[in-house]
Amino acid sequence: MSESVLPVSAQGVAALLNEIGQRMELGGESPFKSRTYFSAAENLLAHSVPLAQVVAQGKLKSISGVGEGIAEKIIKLHKTGTHPTLEFLREQFPAGVLDLMKIPGLGPKKAAALYQSLKIASLADLEAACLAEKLAAEKGFGAKLQAKILESLAFQKRNEGLVKINVGHTRAFASSRALRGRHPSIKDVIPAGDVRRGCEVCGPVDLVVVMDDETADAVLESSAEFRVTISPSKSLGAALLFATGTDGHVSTLRALAHAKGIELTPESMRRGTDELPCSTEAEIYAALGLHFIEPELREGRGEIERAKLSACPRLIEDKDLRGILHCHTVFSDGANTLDEMAEATRKLGFEYFGVCDHSQSAAYAGGMRIEKVRAQHALADELNRGYHGKRFRVFKGVESDILEDGALDYPAEQLDAFDFIVASVHSRFQLDRAAQTARIINAVSNPHTTILGHATGRLLLQREPYDVDVEAVLQACGEHGVAVEINADPHRLDLDWRWHQRALELGCMLAINPDAHDTAGLLNQKWGVINARKGGVEAKHVLNCMDLAGIEKHFEKRKQAARG
DNA sequence: GCCGTTTTCGGCCCGACTGTTTTCAGTCG
């Protein structure tokens, strides 16, 4: 390592502040103190001015949650990548103890206790202790927790090597940029595989390197997290097709080709000794008598049979979205104000912004009591007066908790004051299937409900969906005219794309919602669009592809119906 | 550690569940 360190980015500094906070928790510091570090990190990330500029201008303390002490730490972390306080804390616990806290059921107290009593300093240590039944014998632990930990370690193992779509994309495009400079004969590097198919979780990076100089192959080697296919331009279509997959899709295509006397390989397409053109995938599908199949649909789920009969639908694209619904602000657990969020949305070219802060039961997320709702509505009215004539509107929404019995979180007269309502489950995940299903059906049967939020509650690679009869819920949404959310947060992407077609068959509209907690989160929309494409969704199926006039009418119609 | 003052220290987001206890601490959302 060289002495001169590049300034650490805001993201890097935020990660280090979070580490300080976590280590303070482990050390038993006041939870208020560690929480300050977490919120400073969050607000630093949400701050619109570049960190280097804020530091240079001495304006760190203008960031909420940053005072004298944390400002000094941010400066040192930014300039050197560390801080004496952090180094001191790092001496108390090995890094592996932080990993323990990622296991559900293990918080800072329990993680610290396990390190101190059993010297558990990694997930491997933890697993060994559980298998040896040592954990259950510890004070404060028991057989149930031990079993739950083993289960979640197994869950992690199943998902080993997988990353969420946003990380997958960053990785693939960064490696592709890096490779491009590697050799002068490289013409292009195209991410394929899971990334190109728009999968919600991605395995190793697949790249197709386009180069016509075959002697240069040796400069590129595949590895465990990296698979490279080298292809000349003339057979790029074939190479891309094979590298994109899935195996199921490709093997069905090959069988189809075989039946037509065509041999299809990653290097070529031939009929007997005749080379057929395959520089694009379109040429290959055409030669096989198929309409072109978009990469997102190539999952071996009947798409080839459908492509024999008709062209694939014009899948939704980013530009089809006209507005944004379901976002948070400082009125609950968001980091930006309502006007910052609305203005950022308008600048992205959208026609409307639907604010949906948490409802009163979500106390942990700063859920709004009725007085706070009134204040937000007054502010929204004021902003809308300012937007008059600018073809932009703020809609007064709310993300209402679905209570245990399926009721929404405000009395009916209050519900009536909102323009629209996203109803979501945030508690009681462990209800049995029948109760959970009945609860959600009850919520979507409420005439005030406009959209069902994150229908299954899954957190990708972190938490399984709650046990619910999705078919029955979608059927109820269809019957009651409730749109089903495709939550575009890359941690969720819920409703799962495998259910999208069924939802449409049952008469549901879909809504692609970013669930943004700051202005940067508005860009989540792109993951939602990719996911919807994977589900075969078209713009006409999506609520927020309606223009401003259209959605005003939709909300108004539902409100009239709710008033009966 | 920050914040906002009833300007110098007390409050900070809190209620419910879960598994462990044997009356509650820790975790979670």
Side-chain angles (χ1 to χ4, degrees), chain A residues 16-44 60-77 83 85-86 89 100-114 116 130 135-152 328 330-335 357-369 372 399-405 409 424-432 435 453-454 457-459 462-466 489 491-492 515 517:
Chain A
L16 293 169
L17 289 174
N18 280 324
E19 186 184 338
I20 293 178
Q22 282 191 310
R23 288 181 174 281
M24 283 180 163
E25 286 186 311
L26 275 177
E29 270 283 9
S30 147
F32 297 110
K33 200 163 155 181
S34 42
R35 190 183 300 157
T36 309
Y37 281 85
F38 299 138
S39 77
E42 197 181 325
N43 295 330
L44 179 64
L60 275 172
K61 285 166 74 179
S62 69
I63 300 172
S64 147
V66 178
E68 201 72 50
I70 292 189
E72 183 267 338
K73 291 189 179 69
I74 290 177
I75 293 170
K76 273 216 176 80
L77 292 171
H83 187 279
T85 301
L86 177 58
L89 288 167
L100 303 184
M101 290 198 284
K102 290 179 198 148
I103 303 290
L106 292 185
K109 294 272 164 51
K110 285 199 156 70
L114 288 177
Q116 272 143 13
C130 288
L135 212 86
E138 278 301 300
K139 185 174 162 60
F141 295 79
K144 280 197 173 166
L145 185 56
Q146 182 172 275
K148 186 177 154 190
I149 289 171
L150 278 174
E151 203 175 299
S152 91
H328 298 267
V330 293
F331 274 89
S332 64
D333 60 349
D357 275 304
H358 287 283
S359 62
Q360 54 191 357
S361 286
Y364 62 90
M368 301 182 293
R369 304 247 172 236
K372 223 168 174 184
E399 183 177 18
S400 169
D401 265 37
I402 297 175
L403 305 182
E404 182 166 1
D405 62 356
D409 202 11
S424 309
V425 166
H426 290 116
S427 60
R428 305 305 307 264
F429 298 115
Q430 71 296 342
L431 288 183
D432 68 45
H454 44 72
R458 74 174 180 189
L459 292 177
Q462 287 171 57
R463 186 176 74 203
E464 300 280 14
Y466 35 72
D489 184 325
H491 300 290
R492 294 189 182 270
D515 199 356
H517 286 70

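Below, read A as the first sequence line, B as the second, and so on, with proteins coming before strands; counting in each chain starts at 1.
- In B:dT7 the O4'-C1'-N dihedral to the base is within 90° of 0, which defines a syn nucleotide.
- A:Ala362 comes within 4.0 angstrom of no nucleic acid atom, judged by non-hydrogen atoms across all strands.
- Closest to the A:Ala363 side chain, of the nucleotides B:dG19, B:dC14, B:dC12, is B:dC14.
- Atom CG in A:Asn43 sits roughly 15 Å away from atom C1' in B:dC12 (whole-Å rounding).
- The separation of B:dC12 from B:dT18, taken at their C1' atoms, amounts to 26 Å, rounded to a whole angstrom.
- B:dC17 and B:dC3 are spaced 34 Å apart, taking the P atom of each and rounding to whole Å.
- Considering only side-chain atoms of A:Lys144, the nucleotide from B:dT20, B:dC12, B:dC2 that sits closest is B:dT20.
- Between the side chains of A:Ser361 and A:Asp409, a donor-acceptor pair is found at a separation under 3.5 Å.
- Counting heavy atoms of neighbouring residues, nucleotides and ligands inside a 6.0 Å radius, atom NZ of A:Lys109 does not exceed 12 of them.
- Between A:Gly366 and A:Gly142, it is A:Gly366 whose nearest contact on DNA chain B lies nearer the 5' terminus.
- In the set B:dG29, B:dT27, B:dG1, the nucleotide with an atom closest to the side chain of A:Phe429 is B:dG29.
- Between A:Leu145 and A:His426, the residue anchored closer to the 5' end of DNA chain B is A:Leu145, taking for each the nucleotide with the nearest heavy atom.
- The A:Lys33 side chain lies nearest to B:dG1 when the options are B:dG1, B:dG26, B:dC14.
- Among the protein residues, A:Pro104 comes within range of the sugar-phosphate backbone only, with heavy atoms under 4.0 Å from sugar or phosphate atoms but none that close to a base.
- With 3.5 Å as the limit, one finds a donor-acceptor pair spanning the side chains of A:Ser424 and A:Glu399.
- The interatomic distance linking A:Lys110 (NZ) with B:dT20 (P) rounds to 8 Å, in whole Å.
- Using a 4.0 Å cut-off, no side-chain N or O of A:Gln430 falls inside it from OP1 or OP2 of B:dC17.
- Remark: P of B:dC17 and CG of A:Leu431 are 10 Å apart, rounded to the nearest angstrom.
- In this structure, B:dT8 forms no base pair with any nucleotide, since neither Watson-Crick nor G-U wobble geometry is met with both distances under 3.5 Å.
- With rounding to whole Å, A:Tyr37 atom OH is found 13 Å from B:dC3 atom P.
- For the pair A:Arg428 and A:Tyr466, the NZ or CZ position fails the cation-pi test of under 6.0 Å to the six-membered ring centre and within 45 degrees of the ring normal.
- Using atom C1' as the reference point in both B:dT5 and B:dG10, the two lie 11 Å apart (nearest Å).
- Distance A:Leu403 CG to B:dC17 P: 13 Å, rounded to the nearest Å.
- Side-chain proximity of A:Phe32 to B:dC12, B:dC28, B:dT27: nearest is B:dC12.
- With hydrogens and angles disregarded, a donor-acceptor distance shorter than 3.5 Å links the side chain of A:Ser332 to the backbone of A:His358.
- For the pair A:Gln22 CD and B:dT27 P, the computed distance is 13 Å after rounding to whole Å.
- Spacing between B:dT27 and B:dT20 at atom P, rounded to whole Å, works out to 13 Å.
- Spacing between B:dG19 and B:dC13 at atom P, rounded to whole Å, works out to 29 Å.
- Comparing the C1' positions of B:dG11 and B:dT22 gives an interatomic distance of 33 Å, to the nearest angstrom.
- Distance from the side chain of A:Arg463 is smallest to B:dG29 among B:dG1, B:dT27, B:dG29.
- Between A:Arg428 and B:dC17 there is a side-chain N or O to OP1 or OP2 distance below 4.0 Å.
- For A:Gln146, the side-chain hydrogen bond (donor to acceptor under 3.5 Å, both in side chains) criterion is met by A:Glu133, not counting sequence neighbours.
- Atom CZ in A:Phe38 sits roughly 15 Å away from atom P in B:dC2 (whole-Å rounding).
- Rounded to whole Å, atom P of B:dT18 lies 9 Å from atom NZ of A:Lys148.
- In summary, the side chains of A:His517 and A:Glu42 do not present any donor paired with an acceptor at a separation below 3.5 Å, with no hydrogens or angles considered.
- Between B:dC14 and B:dC9, the two C1' atoms lie 23 Å apart (nearest whole Å).
- When the C1' atom is compared between B:dG29 and B:dT23, the two are found 25 Å apart, to the nearest whole Å.
- We find that A:Glu464 and A:Arg458 are not joined by a salt bridge, their nearest charged nitrogen and carboxylate oxygen being 4.0 Å or further apart.
- The side chain of A:Arg35 lies closest to B:dC13 when the candidates are B:dC2, B:dG26, B:dC13.
- Taking every side-chain heavy atom of A:Lys73 into account, B:dG1 is the closest of B:dG1, B:dC12, B:dT27.
- B:dT18: glycosidic angle beyond 90° from 0, hence anti.
- Among the atoms of the strands shown, none is found under 4.0 Å from any heavy atom of A:Glu29.
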